[in-house]
Visitor: 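One structure coming up, written as structure tokens, with questions to follow.
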Amino acid sequence: MCVDGRSQKALIAGVPFGVRYEHLYVHVPFCARRCTYCDFSIAVRPSVPAREFAEAIAAEWATRHADSFFELRTLYFGGGTPSKLGADGVARVMSLIRERATLMDSAEVTLEANPEDVTVEAVHAWRRAGINRLSIGVQSFDDRVLKWMHRTHDAQRATDAVRAARDGGIDNVSIDLIFAVPPSVGREWRSDLDMAVALRLPHMSVYGLTVELRTPLGKWVARQEATEAPEESFESEFLAAHDALTGCGLDHYEVSNYGAPGKHSRHNWSYWRRRPYAGLGPSAHEFDGLSRRWNTEAFAAWESLAAAGSSTIEGSEVLSADQSASERVYLDLRTSDGLDATADVFARTAPWVENGWAEVRDGRLRLTALGWLRLDSLSTDLTTLRSRY
């Protein structure tokens, strides 16, 4: 078999030749400090090497995706804290992406930001670079909680950031909130929800706190210096968010996400619908429809590999038919669209409907908020039928 130069280059990079992508994720690892619960790939830097990061992204693209086709419907800068790149850093990365990809006029371009980085001037600059959606890491409007989380902003700065985003010309703003913190923190979750609702935002993401072993919180729990929130609190706070946010007109369209009509995260939908997406940056994942790849996690190691023109891929897997089917069941169940309620599915899930965990509408099985609290066990229960999806 003859392999031309471009195909050989793709083989060396560990990716298929000529894949077409409509969605791109860029992982920006820089943070001012690590939060107590954070298990993401981050690089704590007092001074962010924005130029070096952009150069490494360009080098990684040349090694891995020189022969891929990009007509982007969504572009997402996640982290870490992408806003730490500063106005010039964001513009530099956006410029190199535009040189290598077609960014559709209607593309959703999201930048994750910490509240302390969101100023009117910064938002103006991000808009000029092409950012049209902000996801702000608020997490709480309670200063006690923010201090416990090791966040770098206070409650007032969080509300000021939302105002600055709007004043700077970006109305498509989402915030993140975290519930189910340890009871010893003394958090009033309903007060946080009231503050969030008052902002009249088009989108919110609400995540239950999970304890990861490598995090400061994980170590505290292991030493019995902190206690996880009981299951009853997790459930009651999840349902309180559901009631409060749907009550103000947002769709609870995915387990952790709420959005006004037309403001659902289009980038995240690409994941839930198993669309191909590319990933650049340390620890970034990508999926070509058949296989999944993930990058070297540490920033220094990733940057070194990229600069040398070496593959930054740390691992990969080709999904079997059974794995793909099981994944499809899980992802369908976690969205408000649900999955096709075939006769077999309906028979298996009739008890779910009776218990109020699911409902069947328009020929599809959709989990309720109570059902989403049981998502893992319910999706596992359907894996015996996965070959039908």
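What's counted below: heavy atoms across the whole structure, side chains too, no hydrogens, waters or symmetry copies.
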Visitor: Dump the intermediate steps for side-chain contact (heavy atoms from CB on, under 4.5 Å) on Tyr207 and Asp176, then the final yes or no.
Guide: CA-CA 8 Å; Tyr207 303 104; Asp176 290 353; 4.0 Å; yes
Visitor: Any donor-acceptor pair under 3.5 Å linking the side-chain atoms of Gln156 with those of Asp143?
Guide: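 No, because no side-chain N or O of Asp143 sits under 3.5 Å from a partner of the opposite role on Gln156.
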Visitor: Determine whether a donor-acceptor pair (N or O, by modelled atom type, separation under 3.5 Å) exists between the side chain of Arg151 and the backbone of Lys147.
Guide: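 No; zero donor-acceptor contacts below 3.5 Å.
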Visitor: Under 3.5 Å, is there a donor-acceptor pair linking the side chains of Asn257 and Ser205?
Guide: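 Indeed, the side chains of Asn257 and Ser205 share at least one donor-acceptor pair under 3.5 Å.
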Visitor: Hey, is Glu225 close enough to Lys219 for a salt bridge, meaning N to O under 4.0 Å?
Guide: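 Between Lys219 and Glu225 there is no salt bridge, as every charged N stays at least 4.0 Å from the carboxylate O atoms.
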Visitor: Could you label the plane-to-plane angle of the His27 and Tyr25 rings as parallel, tilted or perpendicular, counting under 30° as parallel and over 60° as perpendicular?
Guide: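 His27 vs Tyr25 ring planes: tilted.
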Visitor: Are Met104 and Tyr277 connected, step by step, through hydrophobic side chains (Ile, Leu, Val, Met, Phe, Trp, Tyr) whose heavy atoms are closer than 4.5 Å?
Guide: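 No, Met104 and Tyr277 fall in different hydrophobic clusters.
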Visitor: Got a salt bridge between Glu71 and Arg20, using NZ or NE/NH1/NH2 to carboxylate O under 4.0 Å?
Guide: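 Result for this pair is yes, salt bridge flagged.
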Visitor: To the nearest 0.5 Å, what is the distance between CZ on Arg73 and NE2 on His23?
Guide: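 That separation rounds to 7.5 Å.
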Visitor: Any chance the rings of Tyr37 and Trp148 have centres within less than 6.0 Å?
Guide: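 No - the distance between ring centres of Tyr37 and Trp148 does not fall below the 6.0 Å cut-off.
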Visitor: Among residues two or more places apart or on two chains, list those pairs meeting side-chain hydrogen bond (donor to acceptor under 3.5 Å, both in side chains) that have a residue in residues 359-373.
Guide: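 As it turns out, the side-chain hydrogen bond (donor to acceptor under 3.5 Å, both in side chains) pairs with a partner in residues 359-373, which skip direct neighbours, are Asp340-Arg364, Glu359-Arg361.
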Visitor: If we ignore hydrogens and angles and just use 3.5 Å, is the side chain of Ser326 paired with the main-chain N or O of Gln323 as donor and acceptor?
Guide: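 Looks like no, no N/O pair under 3.5 Å.
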Visitor: So, the side chain of Ser83 versus the backbone of Asn114: is there a donor-acceptor pair under 3.5 Å, distance only?
Guide: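 Checking the backbone N and O of Asn114 against the side chain of Ser83, a donor-acceptor pair under 3.5 Å is found.
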Visitor: Among all residues two or more places apart in sequence or in another chain, which pass the ring-ring contact (aromatic ring centres under 6.0 Å, His included) test with Tyr330?
Guide: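 Partners of Tyr330 by the ring-ring contact (aromatic ring centres under 6.0 Å, His included) criterion come out as none, since no residue qualifies.
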Visitor: Please list, chain by chain and in numerical order, all residues satisfying ring-ring contact (aromatic ring centres under 6.0 Å, His included) with Tyr258, sequence neighbours excluded.
Guide: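 Result, ring-ring contact (aromatic ring centres under 6.0 Å, His included) vs Tyr258: His252.
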Visitor: Can you tell me how far apart CG (Leu75) and CD (Glu22) are? Round to the nearest 0.5 Å.
Guide: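 The CD atom of Glu22 is 13.5 Å from CG of Leu75, to the nearest 0.5 Å.
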Visitor: Decide yes or no on side-chain hydrogen bond (donor to acceptor under 3.5 Å, both in side chains) for Ser140 and Asp192, but give the supporting numbers first.
Guide: CA-CA 6 Å; Ser140 177; Asp192 265 355; 2.8 Å; yes
Visitor: Run the numbers on Arg328 and Leu339 for side-chain contact (heavy atoms from CB on, under 4.5 Å), then give the verdict.
Guide: CA-CA 9 Å; Arg328 191 175 298 113; Leu339 56 79; over 6 Å; no
Visitor: So, the side chain of Ser324 versus the backbone of Ala321: is there a donor-acceptor pair under 3.5 Å, distance only?
Guide: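 Not confirmed, Ser324 side chain does not pair with Ala321 backbone.
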Visitor: According to side chain to side chain contact (heavy atoms under 4.5 Å, CB included), who are the partners of Ala91, at least two apart in sequence or on a separate chain?
Guide: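 Expected list: Ala129.
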Visitor: Taking atom types as modelled and ignoring hydrogens, do the side chains of Thr152 and Glu116 form a donor-acceptor contact shorter than 3.5 angstrom?
Guide: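 Yes.
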Visitor: What's the shortest heavy-atom distance between Leu365 and Ala358, and which atoms?
Guide: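 Closest approach of Leu365 to Ala358, heavy atoms only: CD1-CB, 3.8 Å.
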Visitor: Once side-chain hydrogen bond (donor to acceptor under 3.5 Å, both in side chains) is applied, do any residues pair with Asn132, and if so which ones, sequence neighbours excluded?
Guide: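 Once residues adjacent in sequence are excluded, Asn132 has no partner under the side-chain hydrogen bond (donor to acceptor under 3.5 Å, both in side chains) criterion.
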Visitor: Go through it in stages, so that I can follow the logic: the residues are Glu108 and Asn172, the test is side-chain hydrogen bond (donor to acceptor under 3.5 Å, both in side chains), and I'd like the CA-CA distance, side-chain angles, deciding distance and then a yes or no.
Guide: CA-CA 10 Å; Glu108 174 192 88; Asn172 196 1; 5.1 Å; no
Visitor: The test is side-chain hydrogen bond (donor to acceptor under 3.5 Å, both in side chains); show your working for Thr312 and Arg64 and say whether it passes.
Guide: CA-CA 9 Å; Thr312 53; Arg64 185 188 303 180; 2.7 Å; yes
Visitor: Which other residues end up in the same hydrophobic cluster as Val318, if Ile, Leu, Val, Met, Phe, Trp and Tyr are linked when side-chain heavy atoms come under 4.5 Å apart?
Guide: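 Traced through the cluster, Val318 reaches no other member.
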Visitor: Verify, without hydrogens or angle tests, whether Ser236 (side chain) and Glu232 (backbone) share a donor-acceptor contact under 3.5 angstrom.
Guide: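 Checking the backbone N and O of Glu232 against the side chain of Ser236, a donor-acceptor pair under 3.5 Å is found.
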Visitor: Using a 4.5 Å cut-off between side-chain heavy atoms of Ile, Leu, Val, Met, Phe, Trp and Tyr, which other residues end up in the same hydrophobic cluster as Leu305?
Guide: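 Its cluster mates, by chain and number: none.
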Visitor: Would you compute the distance between atom CZ of Arg334 and atom OG of Ser256 and round it to the nearest 0.5 angstrom?
Guide: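 Answer for the CZ-OG pair, Arg334 versus Ser256, is 6.0 Å.
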Visitor: Please check if the number of heavy atoms outside His285 that lie under 6.0 Å from its NE2 is greater than 12.
Guide: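 Yes, because the 6.0 Å sphere around NE2 of His285 holds more than 12 heavy atoms from other groups.
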Visitor: Return yes when atom CZ of Arg190 has more than 12 non-hydrogen atoms of other residues, nucleotides or ligands closer than 6.0 Å, and no otherwise.
Guide: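 Not more than 12 within 6.0 Å, no.
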Visitor: List the residues meeting ring-ring contact (aromatic ring centres under 6.0 Å, His included) with Trp269, not counting sequence neighbours, and say none if there are none.
Guide: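 Trp269: ring-ring contact (aromatic ring centres under 6.0 Å, His included) contacts with Tyr253, Trp272.
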Visitor: Measure the spacing between NE2 of His203 and CG of Leu245 and express it to the nearest 0.5 Å.
Guide: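 The CG atom of Leu245 is 10.5 Å from NE2 of His203, to the nearest 0.5 Å.
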Visitor: Among Lys263, His264, Arg133, whose side chain to side chain contact (heavy atoms under 4.5 Å, CB included) with Pro202 holds?
Guide: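 So the option named by the test is Lys263.
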Visitor: When you check the gap from the basic side-chain N to the acidic O, do Arg214 and Glu297 get nearer than 4.0 Å?
Guide: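 Looking at Glu297 together with Arg214, the answer is yes, because their closest N to O distance falls below 4.0 Å.
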Visitor: Do the side chains of Val93 and Val90 join up, straight or via other hydrophobic residues, at under 4.5 Å, putting them in one cluster?
Guide: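 Yes, because Val93 and Val90 connect within a single hydrophobic cluster, where side-chain heavy atoms sit under 4.5 Å apart.
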Visitor: Between Arg293 and Asp288, does at least one N-O distance fall below 4.0 Å, as a salt bridge requires?
Guide: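 So Arg293 pairs with Asp288 through a salt bridge.
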Visitor: Using the side-chain contact (heavy atoms from CB on, under 4.5 Å) rule, take Ser135 and Thr110 through it: C-alpha gap first, then chi angles, then the decisive distance, then the call.
Guide: CA-CA 7 Å; Ser135 178; Thr110 303; 4.2 Å; yes
Visitor: Counting only N and O atoms by type, is there a donor-acceptor contact under 3.5 Å from the side chain of Glu314 to the main-chain atoms of Thr296?
Guide: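 Side chain of Glu314 to backbone of Thr296, a donor-acceptor pair under 3.5 Å: no, none is there.
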Visitor: Run the side chain to side chain contact (heavy atoms under 4.5 Å, CB included) test against Thr119 and tell me which residues pass, sequence neighbours left out.
Guide: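 In terms of side chain to side chain contact (heavy atoms under 4.5 Å, CB included), with neighbours along the sequence ignored, Thr119 is linked to Glu121, Ala122, Arg157.
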Visitor: Kindly determine whether Phe53 and Phe30 satisfy ring-ring contact (aromatic ring centres under 6.0 Å, His included), including the steps that lead there.
Guide: CA-CA 10 Å; Phe53 175 78; Phe30 309 114; 5.7 Å; yes
Visitor: Can you measure from CD1 (Ile136) to CG (Leu177) and round to the nearest 0.5 angstrom?
Guide: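 If we round to the nearest 0.5 Å, Ile136:CD1 and Leu177:CG are 11.5 Å apart.
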Visitor: Taking atom CG of Asp194 and atom CH2 of Trp189, what is their separation to the nearest 0.5 Å?
Guide: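 One finds 11.0 Å between CG of Asp194 and CH2 of Trp189.
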Visitor: Evaluate side-chain contact (heavy atoms from CB on, under 4.5 Å) for Val26 paired with Ile97, printing each intermediate quantity in order.
Guide: CA-CA 10 Å; Val26 179; Ile97 290 173; 4.2 Å; yes
Visitor: For Arg292, check salt bridge (Lys or Arg N to Asp or Glu O under 4.0 Å) against everything at least two apart and list the hits.
Guide: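 Partners of Arg292 by the salt bridge (Lys or Arg N to Asp or Glu O under 4.0 Å) criterion, ordered by chain and then number, come out as Glu317, Glu327.
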Visitor: Can you name the residues that form a ring-ring contact (aromatic ring centres under 6.0 Å, His included) with Phe70, not counting sequence neighbours?
Guide: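 Phe70 satisfies ring-ring contact (aromatic ring centres under 6.0 Å, His included) with Tyr21, Trp61, His65 once adjacent residues are dropped.
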Visitor: Using the test side-chain hydrogen bond (donor to acceptor under 3.5 Å, both in side chains), find all partners of Glu112 that sit at least two apart in sequence or belong to another chain.
Guide: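 In terms of side-chain hydrogen bond (donor to acceptor under 3.5 Å, both in side chains), with neighbours along the sequence ignored, Glu112 is linked to Tyr76.
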Visitor: Does Val211 offer a backbone N or O that forms a donor-acceptor pair with the side chain of Thr215 under 3.5 Å?
Guide: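 Absent.
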